[in-house]
Every structure is written in C-alpha cells, then in structure tokens.
Amino acid sequence: MNPEDIIENIKKYVYKQFEHEESGHDKWHIERVRKLAVSIAENEQANVFIVELSAILHDLIDEKVKETIKLDILEVDKLLKMHLVHKDDRDKILKIIESISFRKNISQNELSIEGKIVQDADRLDAIGAIGIARTFSFAGSRGHIIYDPEKKNNQHAIQHFYDKLLKLKDLMNTETAKHLAEERHLFLEHYLQQFDLEWSTTEKEKE
Ligand code: ADP
Ligand code: NI
C-alpha cells in the first residue's frame, strides 16, 4: 500500500470512531492537529508520514477518551500492521502516541523530532480562539462554571488559562510552533483582559 492510501484508510477509521466523542477530542480536533503537525513537519524537515499518522492516532489511547473508542497500544499496533505499516515505523509511531497520551514526563531529548512536532500541534490547538472554545466546552462537560472571583470554586474555566494555557507558549519544542504560538498566546491575553474588564464593569454596575 502506498503511504497516501495508508493514511487515508487509517484516517477514515479513526475519524469515524471520533465522530461522537464529547470530551473535546472530536474528529475536528484530530483533523486540526493533523494539519498543523504536517505543516510544522514540512517546515522542520521531519518525516511527514510518521508525523501525520501519529497525529491521527494521538488521542486514541488517551484515558479521557470514551471507553467505546479507546484502544490499547497493542490494538493500535494491530491497526497499523493491518495497513501494512513497517515495524520500524510502527515502533516510532507507538512511542510518540504513548508519550503524548500518558503525559509521561519524558525529557525533551527522549522524544523524536516527529514526536515533538505532534506535541506542539496538540498544544497549539489548546490555545488561541479555538483553545478558548475547547476550554469552555470541556468545563461545561464537567459541570464547571465560567469563573468564580471568590475562588470558592477553583474548578472554573478561567482558572485553566492560568494553570495551563498561558504556559504552553514557552513549552513549544520547534521554532515553527513557537512562532505560531505567539499570536494565539496574545489572543489569550487580550481575551483575559477583556474578560476582566467586562467582569469589573458589571461589578461596578451592581454597586
Ligand atoms: P489534548 O489531550 O487534546 O491536548 P486534553 O485532553 O488535555 O487535551 O484536554 C482537552 C481540552 O480541554 C484542551 O483544550 C484543554 O485545554 C481543555 N481542558 C483540560 N482540562 C481542563 C480544565 N480543567 N478546565 C477547562 N478546560 C480543560
Ligand atoms: Ni489531542
């Protein structure tokens, strides 16, 4: 099978599985990560085939994904084997999706350039306008509120900006992703400024 057909067939299978995923990992998240990852890979002279397949598969073994969709690593290996992906490539892909999904604290130099790229693409999709949308969608799905200025409830969506989103810009691995992260990061900052402004205006109106 040629590489394009392998990717097309695996994509078809995975996207069908993720059609009704509700934890912020719907098939459009996978598709955005795939596209971002491929464009970063082209810029960074990495192996595009490994990057693209890893991006398509990156959330398939994630704990947060619905049980009916989730596969274990051996099943992913089987899926790749069925599509005649060579052992060398399978091992590279499995290593990437394991390190990304399990959030293993693996050091930078343990992750291949292809792995770094998929991680960057996944992180880019967590910031900017789309990242903001995903944050509120995730918060809603967990029953968290938008914001709680009294901090009685720190499970609010705005907290996630400070816990994670604002830190992602400095965690990008590749120069290409660092560059792409800048605008998205600025948008997060502007969004928070506007949010605070509107929030304090409504507080004043109350007085
Ligand atoms: P992925 O594995 O695709 O990078 P995660 O599974 O960590 O993403 O989270 C899915 C989405 O939900 C991301 O956009 C992430 O920023 C967001 N998210 C994760 N945890 C929280 C939280 N506690 N509150 C709000 N949003 C969250
Ligand atoms: Ni993801």
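Sequential numbering from 1 along the given sequence is applied to the chain's residues. Every number for a ligand or one of its atoms is a count from 1 in the order of the listing.
- The side-chain contact (heavy atoms from CB on, under 4.5 Å) search around E4 returns N2, not counting sequence neighbours.
- Looking at H58 next to ligand 1, no N or O pair under 3.5 Å apart turns up.
- Although no hydrogens or angles enter the test, the distance criterion places no donor-acceptor pair under 3.5 Å between the side chain of R34 and the main chain of I56.
- Counting only residues at least two apart or on different chains, the ring-ring contact (aromatic ring centres under 6.0 Å, His included) pairs with a member in residues 145-177 are Y147-H156, Y147-F195, Y147-W199, F161-Y191.
- Not a single N or O atom of H144, backbone or side chain, sits closer than 3.5 Å to an N or O atom of ligand 1.
- Proximity to T135 (heavy-atom distance under 4.0 Å) selects the following atoms of ligand 1: 25 (C), 26 (N).
- Using modelled atom types, one side-chain atom of S54 and one backbone atom of I50 make a donor-acceptor pair closer than 3.5 Å.
- No N or O atom of D125 sits closer than 3.5 Å to an N or O atom of ligand 1.
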Handout entry: Verdict with supporting geometry, L53 and D89, side-chain contact (heavy atoms from CB on, under 4.5 Å)
Key = CA-CA 10 Å; L53 268 184; D89 287 347; over 6 Å; no
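- Between D91 and K87 there is a side-chain heavy-atom pair separated by less than 4.5 Å.
- Residue contacts with ligand 1, taken as heavy atom pairs separated by less than 4.0 Å, do not involve R142 at all.
- Remark: distances from the non-hydrogen atoms of Q159 to ligand 1 are all 4.0 Å or more.
- At a 4.0 Å heavy-atom cut-off, ligand 1 touches D59 through the side chain alone.
- Shown are the protein N/O/S atoms under 2.8 Å from the Ni ion (ligand 2), given by residue and atom: H29 NE2, H58 NE2, D59 OD2, D122 OD1.
- Look at E98 and K95 and you find no salt bridge, because none of the NZ, NE, NH1 or NH2 atoms lies under 4.0 Å from a carboxylate O.
- At a heavy-atom distance under 4.0 Å, only side-chain atoms of L165, from C-beta outward, approach ligand 1.
- Formation of a donor-acceptor pair under 3.5 Å by the H185 side chain with backbone atoms of E182 is not found in this model.
- Here is the list of ligand 1 atoms found below 4.0 Å of a heavy atom in H160: 15 (C), 16 (O), 17 (C), 18 (N), 19 (C), 20 (N), 21 (C), 22 (C), 23 (N), 24 (N), 25 (C), 26 (N), 27 (C).
- Using modelled atom types, no side-chain atom of D120 and backbone atom of A177 make a donor-acceptor pair closer than 3.5 Å.
- Counting heavy atoms under 4.0 Å from ligand 1, residue Q155 does not touch it at all.
- A donor and an acceptor atom, one from each side chain of H190 and Q194, are nowhere located under 3.5 Å apart.
- Among residue pairs with one or both ends in residues 35-56, none qualify as ring-ring contact (aromatic ring centres under 6.0 Å, His included); sequence neighbours excluded.
- Using a 4.0 Å cut-off to heavy atoms of H29, the atoms of ligand 1 that qualify are 3 (O).
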